[in-house]
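Quick note on labels: first sequence line is chain A, next is B, and so on, each numbered from 1.
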Amino acid sequence: MTQPLLTTSGLSRDFGGLRAVDNADFSLMPGEIRAIIGPNGAGKTTFVGLVCGRILPSSGTINFVGADITTLPAYRRVRLGIAYTFQVTSVFANLSAYDNVALSVQRTLTDGRSRGAVRTGAMKALEQVGLADRAGTPAGQLAYGHQRLLEVAMGLALQPRLLILDEPTQGLSDGEIEGFVALIREIARDATVLIIEHNMPVVMQLAHRITVFDVGRIIAEGDPAEIRANAQVQEAYLGAAHG
Amino acid sequence: MTEASTARVYGLHAAVVAVLFALNFLLPDYHHGLFARILVLATFAMGYNLLFGYAGLLSLGHAMFFAAGLYGSGLAITYLGFGVPAAFIAGLVCGALLALVVGLLALRTSGVAFMIVTMMFAQALLLTIVYFNQWTGGDQGLVLQQASRIVTIGNASVDLTVPTVRYVAALVLFAVVLFATLAIVRSRFGRVLVAIRENEERTRMLGYDTFANKLAAIVLSGVFCAAAGAAYALLFGYVGSNFASVQYSILPLLWVLAGGAATTLGPLIGTLFIYYVTDIASSYTSAWLLIVGVALILLVLFAPKGILGAVRKRWIRWLP
Amino acid sequence: MAFGPHLLLATLEGLVTAAVLALTALGLSLVFGVMRIVNVAHGEFFMLGAVLAWAVATALGTHPALGFVAALIVAPLVVGSVALLSERLVLRRLNYDPEATIVATIGLLYIIQQLALSFYGPEARPVTPPFSYRVLLPWFGYSGYKLSVIAASALLLIATWLVLTRTKIGLVMRATQYDREMAQAFAIPVERVYAGVFALGAMLAATAAVLIVPISQAHYLMGQDPLLLSFIVVIIGGLGSLRGTVVAALLIGLSDGIISMFFSPTLAKLIATLAVAMVLVFRPQGLFGTTAR
C-alpha cells in the first residue's frame, strides 16, 4: 500500500476561546483530488492554513511524505512541495504577470544561474493557464478571472507535490469555471490537489474524495456519491442556503 | 529582460557617470566642491534607497550606518594609525556588523515599530559617541590631518585633499555603488525584495525566507551607507557627531523621496535637487530647515513617487 | 547632604519630570491610539507651548501669576489651532497613511522648529514662576511651584481619564479607536473625531510645556527630549493605554531623575533608549499593555 502524502492527527487550533479546528484527523493519498467543503466559518481555511504553515496549531501533528512538519516555518513547507493559492487574490499587482510567475520559478531552480531557465519555466506556466500573451502586463491590470489564473500559475510554477487551492472559482463566470475545471484536471496529473470549494457542481465534477467540515470538526468523508447520500452532511450543509 | 533593454539600461547609467566625470573639468570651483560632496551623499542615499525603495522598509535610523563608516575609518586613522585603504575597509566592516546586529533585532518588528526601533538604535549610537567624547571628540568632532589622507601605492602617492582627486575618488565610489545597485535590482534577489515590499505574506508562501532576504538587504544597505560615511571622513577630513543625529537619518529619506524611491538614479537626482534648493535658499534666508520641512510635506502630498518616479510613470517605462 | 535626603531630592525631581512627561506622552498616546498615526512633531507642539508661554507672559508684563494663568489658557489654544490646521491641510489629505504621515509630521517638525528659531531666536528664556513659595523640609528647601506642577498634572490626568471613560465624547473616541468603519456606520463623524483628538493631543503637550517652562526655560530645540521620552513612555506603557502611560511615565521620570542625579545624564538616556528598543523588539505590546489591535 502506498504511503499517504499528507496526514494530520489530532490537529486543533484555538483563537481565544473559539476552537476553529477541532481534533482533525485527515489523510491524503498521492495523486488525489480532494475537496474540502463546509458552511462558512466551518474552519476550512484555518485547516489548510495549518497545513501550509500560515498558522501554527495549538495541538496535534502534521506529517508530509513521512516527515513531521508541525513546527516547520511556512517557507520551508513550500520548499518541500506544499503550494498555497490565496482565497483573496494576492498577486503582486505592480509586477508584470511574467515577474509574478518568475518569482516562483527562480525559487525552484537549483543551479541558480541561467537566466534562460527562468524564462522558459515562467513562460511554460503562463502558457499552461493561457496567459502567455499577457506576460508583460502588470498583474493588477489583468481582468479578475485572469488574476485568479495567474495565482494558479504561480502555484504551478513552484512544481508542488501538493497544491492547495482556496476557493479558486469564486467570482468567475460559468465559462471561466469550465476552463478552470479542465486546468485542475491537467494539474492533477503531476500533483496532488487539495481544494476548498463552495461551488457544488465543481466539487462533484472534480473531486475523487470529499471531506466535510462543520464547526471545526470533520463530520464526513467519502466519494461524491457517498457525501451526497450522507444525511448528516445534508443537514449541516447541503440542506442549508447553499443547496 | 531582453538583450536590447540590458544594453540600453547599462548604457544610460554609463552615460550618467561619463557626464559626471566630464563635469570634473567643467565645473567652477565652488560647484566642483559641492558636487564632490553630493556624490558621496548620493551614495548614502542609494544605500538608503535599496532598503526603503526596493525592500519597502522605512528606517528612521540610517544615520547610524553612515556614522559607523565615518567613525570606523576616522577613529582607525586617528588612534590605530591605519592607512587610507585599511581605514576605508574598517569603516565598511563597522557598517556591516552594525547592520547585521540591528537587522537581527529590528526585523522582528515591522511598520511603525520598525521605524521607531531603528530611530532608537541610531539615537543610542549618537549617545554612545557623545558619551565617549574623550575619544570621539563629541560635538566638536575630530579633524583628520592631511598627512593621514594620502594614499601611497608603490612610488606614487594620491593626495585625497586635492580637489580633483577628491572629486574623482567620490565619483568612483558613486559609480561602484550605482552599478552594484543596478545589478542587485535586476537580479533575482532584487525581484524578491520588490516582492517582499509588495506583499510579504505572498512572498513567504512562494517559499522565500523573507527574514533572511530582508536581513541581507539591511546589511547591503548598511555597507553602502558606511562606504559613503568612510569616504566622507577620508575625503573631507572631518568626523563629527552631527552626522549621527536624527537629521542625517531624515535627509536620505528626503533625498530618495524627492528623486524617486525604487529608481536607481533617483537618489542622485534627489540629492542634487535638494542640495541645490537648500543651497540657493540659504543665500536668501537662513531658514533652510523650513525649506526641508515644506519640501517633505509637498513631496508626500503631491509627488509621492518623486521626480524619476513621475518620469518613469509618464514617459520612460523601462527606467530601472 | 546625606544619601537619604539626596535620594528624596532626586525622587522629587523625578516626580516633576514624570508629571510633565505623563501629560505629554498621553497626548502622543491618544493620537496613536485613536488615529493610528505616529506624530513626530509632537515634541514641537510641546516646544511651541513653552515659547508661547514666554511670549504671553512677556507681553502682559504684569504680575507673574497673571501672566502664567494667561499663558496656561492661551498657549494650549493656539497650539491646538496649529494642530487642527495641520490636520486639515496635510494629514487628512494623506488619508492617515501611517508611513506618509510620519514623513509629513517630520516636515511639520522642521517647519515649526524653524519658525520658532526665526521669530523667537536661539536663546533660552525663563518665565517667572507664578509664586515663589519654598516648602521647608528638614534637610533642604523645595520649590513649592514644582510640587504644584505635580499636583496640577495629576488633576489634568484625572480629568482626561474622566472625559475618556465617563462622557459621550470619550465613548465616541473609544468607538473610533476600536473600529473606524464601524464607527462611521454608527454615524460618528470620524473626521471630526480625528481632528479633535489631534488637537487635544497637541494641547496636552502644550499644557505640559507651560507647566514646565518656569522651571526649565523655553528654547527652540527643547522639543527633542520630550518627544523621545514620550515615545519611550508610550512604548513601555503600551500604545493607547492611559493607565500604562501614567505608570511608565512614573517609571521613566523617577529612574531618569535618580540615574541622572547619581550618574551621567547621557548614560541614563543611552540605557533608557536601548532598553526601550529592546522592549519594542521583544514585547511590542508594551510591558503593561494588552495587545494593540
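- Under the 4.5 Å side-chain criterion, counting only non-hydrogen atoms from C-beta, A/R107 is not in contact with B/V192.
- Among all heavy-atom pairs drawn from B/M205 and A/A74, the shortest one is SD-CB, 3.8 Å.
- Heavy-atom contacts from other residues, nucleotides or ligands closer than 6.0 Å to CZ of A/R76 number 12 or fewer.
- Between A/V78 and B/L206, every side-chain heavy-atom pair lies at or beyond the 4.5 Å cut-off.
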Which side-chain N or O atoms in residues 129-143 of chain A pair as donor and acceptor under 3.5 Å with protein atoms at least two apart or in another chain?
| from | atom 1 | to | atom 2 | distance (Å) |
| --- | --- | --- | --- | --- |
| A/R134 | NH1 | A/H146 | ND1 | 3.1 |
| A/T137 | OG1 | A/R134 | O | 3.3 |

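- Heavy-atom neighbours of B/F189 CZ from other residues, nucleotides or ligands within 6.0 Å: above the threshold of 12.
- Residues of residues 161-169 of chain A having a heavy atom under 4.5 Å from any heavy atom of chain B: none.
- Across all non-hydrogen atoms, the minimal contact from A/Y75 to B/Y208 is CB-O, 3.2 Å.
- Contacts between A/L158 and chain B at a heavy-atom distance below 4.5 Å involve the side chain alone, from C-beta outward.
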Anything under 3.5 Å between a donor and an acceptor, one on a side chain of residues 193-203 of chain B, the other on a protein residue two or more places apart or in another chain? List them.
| from | atom 1 | to | atom 2 | distance (Å) |
| --- | --- | --- | --- | --- |
| B/R197 | NH1 | B/G53 | O | 2.7 |
| B/E198 | OE1 | A/N94 | ND2 | 3.0 |
| B/E198 | OE2 | A/N94 | ND2 | 3.3 |
| B/N199 | OD1 | B/E201 | N | 3.4 |
| B/N199 | OD1 | B/R202 | N | 3.1 |
| B/E200 | OE1 | B/K214 | NZ | 3.3 |
| B/E200 | OE2 | B/R204 | NH2 | 3.4 |
| B/E200 | OE2 | B/T210 | OG1 | 3.2 |
| B/E200 | OE2 | B/K214 | NZ | 3.0 |
| B/E201 | OE1 | B/R204 | NH1 | 2.7 |
| B/E201 | OE2 | A/R54 | NE | 2.7 |
| B/E201 | OE2 | A/R54 | NH2 | 3.3 |
| B/R202 | NE | A/E151 | OE2 | 3.0 |
| B/R202 | NH2 | A/E151 | OE2 | 2.9 |
| B/T203 | OG1 | B/A195 | O | 3.1 |
| B/T203 | OG1 | B/N199 | O | 2.8 |

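- Residue contact with chain B, scored on non-hydrogen atoms closer than 4.5 Å, involves the backbone and the side chain of A/A102 alike.
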Which atom pairs, one a donor and one an acceptor, fall under 3.5 Å between side chains of residues 295-306 of chain B and the rest of the protein, sequence neighbours left out?
none

